[in-house]
Chemist: 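Handing you this structure, nothing more for now.
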Amino acid sequence: MHDLDFTSVAGNRMVMILMTNEVMVLVAPSDLSLWDIPLLSLKAHSVETGTEPSEPSEPRLRLSYPEGFKSPSRSECSGICDWYTGSPQPLWFDITAKELSTFNFTRFKIDIPDIHLPMVLITSISFFHIPYYRHTHWTPYRVCGEDISFLWCNSTAIFLHTGGTSSLEAVNCKALLRKAEHIDQRQASFCPVSGRLCYISCATDEVKVNVVDYLSSPYDPSASSDDASC
């Protein structure tokens, strides 16, 4: 087990963790910190040993946001789904803050050209907003080509936002995917590659898992084997 000095860096602030195969980044509204991921221990145990390291690991770097960005006083962090950990794309994340009628998002990209050099590039990509609804929840982000998408939900509707991954791409699309009753805002997921939406609706006496496809299958099972292609 490895102990990171989390409290002295993050304290009680809202923090998000981003990871590659080599490093871990703690994202906070005021700054960022980067740790090297320790090598696997030769003395690892399959069960809890009850002991902790006596000396926490310090971050390799503490990083500031690009000049000109000032995080709102009450802000949070959002980012891509943990499923992408170890994949080759940059680390994208948003700093979000609620205004009177909107949630505002400022998107950043972290590039680590060489893990052996103390050089980390943080770039501001875009700014956008989504409407504010009471009890709104948004999902971890999914990547599809050059775009990032996420759902935001309330109890009666599911919406989709699609945005770009570069400051050169002014992508900012909002769409209503589904209107329904009794949506569980924290139990919805959308795959932008397959176009499949899954969500849970909770009525008084039943819980339903709902699956909605927005793209037709590339293979039509009603076609004959002679007409099908691989």
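In this chain, residues are counted from 1 in sequence order.
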Chemist: Any chance you could lay out the side-chain hydrogen bond (donor to acceptor under 3.5 Å, both in side chains) test for S189 and R142, step after step, and finish with the verdict?
Modeler: CA-CA 10 Å; S189 181; R142 303 292 180 91; 2.9 Å; yes
Chemist: Mind checking what makes side chain to side chain donor-acceptor pair (under 3.5 Å) contact with S201, not counting sequence neighbours?
Modeler: N210
Chemist: Does the side chain of T102 come within less than 4.5 Å of I130's, by heavy atoms?
Modeler: no
Chemist: Is the shortest heavy-atom distance from the side chain of L63 to the side chain of D31 under 4.5 Å?
Modeler: no
Chemist: Checking F127 now: which residues fulfil side chain to side chain contact (heavy atoms under 4.5 Å, CB included) with it, not counting sequence neighbours?
Modeler: N104, T106
Chemist: Got a second to check how far R107's CZ is from S126's OG, nearest 0.5 Å?
Modeler: 5.5 Å
Chemist: Nearest 0.5 Å, please: how far is CD in E99 from NE2 in H129?
Modeler: 11.0 Å
Chemist: Mind checking side chain to side chain donor-acceptor pair (under 3.5 Å) for H137 and listing every partner two or more places apart, or none if nothing turns up?
Modeler: R186
Chemist: Under the side chain to side chain donor-acceptor pair (under 3.5 Å) rule, collect the residues that match up with S124, sequence neighbours excluded.
Modeler: none
Chemist: Could you state the interatomic distance from CZ (F103) to OG1 (T96), rounded to the nearest 0.5 Å?
Modeler: 8.0 Å
Chemist: Under the side-chain contact (heavy atoms from CB on, under 4.5 Å) criterion, do C77 and I95 qualify, and how do the steps go?
Modeler: CA-CA 5 Å; C77 313; I95 297 296; 4.0 Å; yes
Chemist: Holding to side chain to side chain contact (heavy atoms under 4.5 Å, CB included), I want the full list of residues that pass it with L176, two or more places apart in sequence or in another chain.
Modeler: A157, F159, K179
Chemist: Please find the pair of heavy atoms, one from P131 and one from K174, that lie closest to each other, and give the distance.
Modeler: CD-CD, 4.4 Å
Chemist: If you measure from CG on L32 to OG on S64, what distance do you get to the nearest 0.5 Å?
Modeler: 8.5 Å
Chemist: Answer whether the closest heavy-atom distance between the side chains of W35 and R60 falls below 4.5 Å.
Modeler: no
Chemist: Can you see whether T165 engages W92 through a side-chain donor-acceptor pair at a distance of less than 3.5 angstrom?
Modeler: no
Chemist: Applying side-chain contact (heavy atoms from CB on, under 4.5 Å) to F69 and F108, what does each step give before you reach the verdict?
Modeler: CA-CA 11 Å; F69 173 76; F108 296 92; 3.7 Å; yes
Chemist: According to the salt bridge (Lys or Arg N to Asp or Glu O under 4.0 Å) rule, which pairs have a member within residues 152-161, sequence neighbours left out?
Modeler: none
Chemist: Which Ile, Leu, Val, Met, Phe, Trp or Tyr residues join L151 in one cluster when any pair of side-chain heavy atoms under 4.5 Å counts as a link?
Modeler: I158, L160, L177, I183, F190, L197, Y199, V212, Y214
Chemist: What do the steps show when you test V25 against I17 for side-chain contact (heavy atoms from CB on, under 4.5 Å), and what is the final call?
Modeler: CA-CA 6 Å; V25 180; I17 298 175; over 6 Å; no
Chemist: Can you name the closest pair of heavy atoms from Y141 and S78 and give their distance?
Modeler: OH-CB, 3.2 Å
Chemist: To check you understand the geometry: which heavy-atom pair defines the closest contact between A188 and T139, and what is its length?
Modeler: O-CG2, 3.4 Å
Chemist: Among pairs that include at least one residue of residues 190-203, which meet salt bridge (Lys or Arg N to Asp or Glu O under 4.0 Å), considering only residues two or more places apart or in two chains?
Modeler: R196-D213
Chemist: Counting the benzene-type ring for Trp, do F105 and W138 have ring centres under 6.0 Å apart?
Modeler: yes
Chemist: Verify the cluster assignment for I200 and W152: are they in a single hydrophobic cluster under the rule of side-chain heavy atoms below 4.5 Å apart?
Modeler: no
Chemist: Looking at residues at least two apart in the chain, or sitting in another chain, which of them share a side chain to side chain contact (heavy atoms under 4.5 Å, CB included) with L215?
Modeler: none
Chemist: If the condition is salt bridge (charged side-chain N to carboxylate O under 4.0 Å, His left out), which residues does K208 pass it with, not counting sequence neighbours?
Modeler: E206
Chemist: Show, in sequence, the C-alpha distance, side-chain angles and deciding distance for L34 and M24, and conclude whether the side-chain contact (heavy atoms from CB on, under 4.5 Å) test is met.
Modeler: CA-CA 6 Å; L34 180 146; M24 181 181 76; over 6 Å; no
Chemist: For E67, what residues pass the side chain to side chain contact (heavy atoms under 4.5 Å, CB included) criterion, not counting sequence neighbours?
Modeler: none
Chemist: Considering residues at least two apart in sequence or located in another chain, which fulfil the side chain to side chain donor-acceptor pair (under 3.5 Å) criterion with T123?
Modeler: none
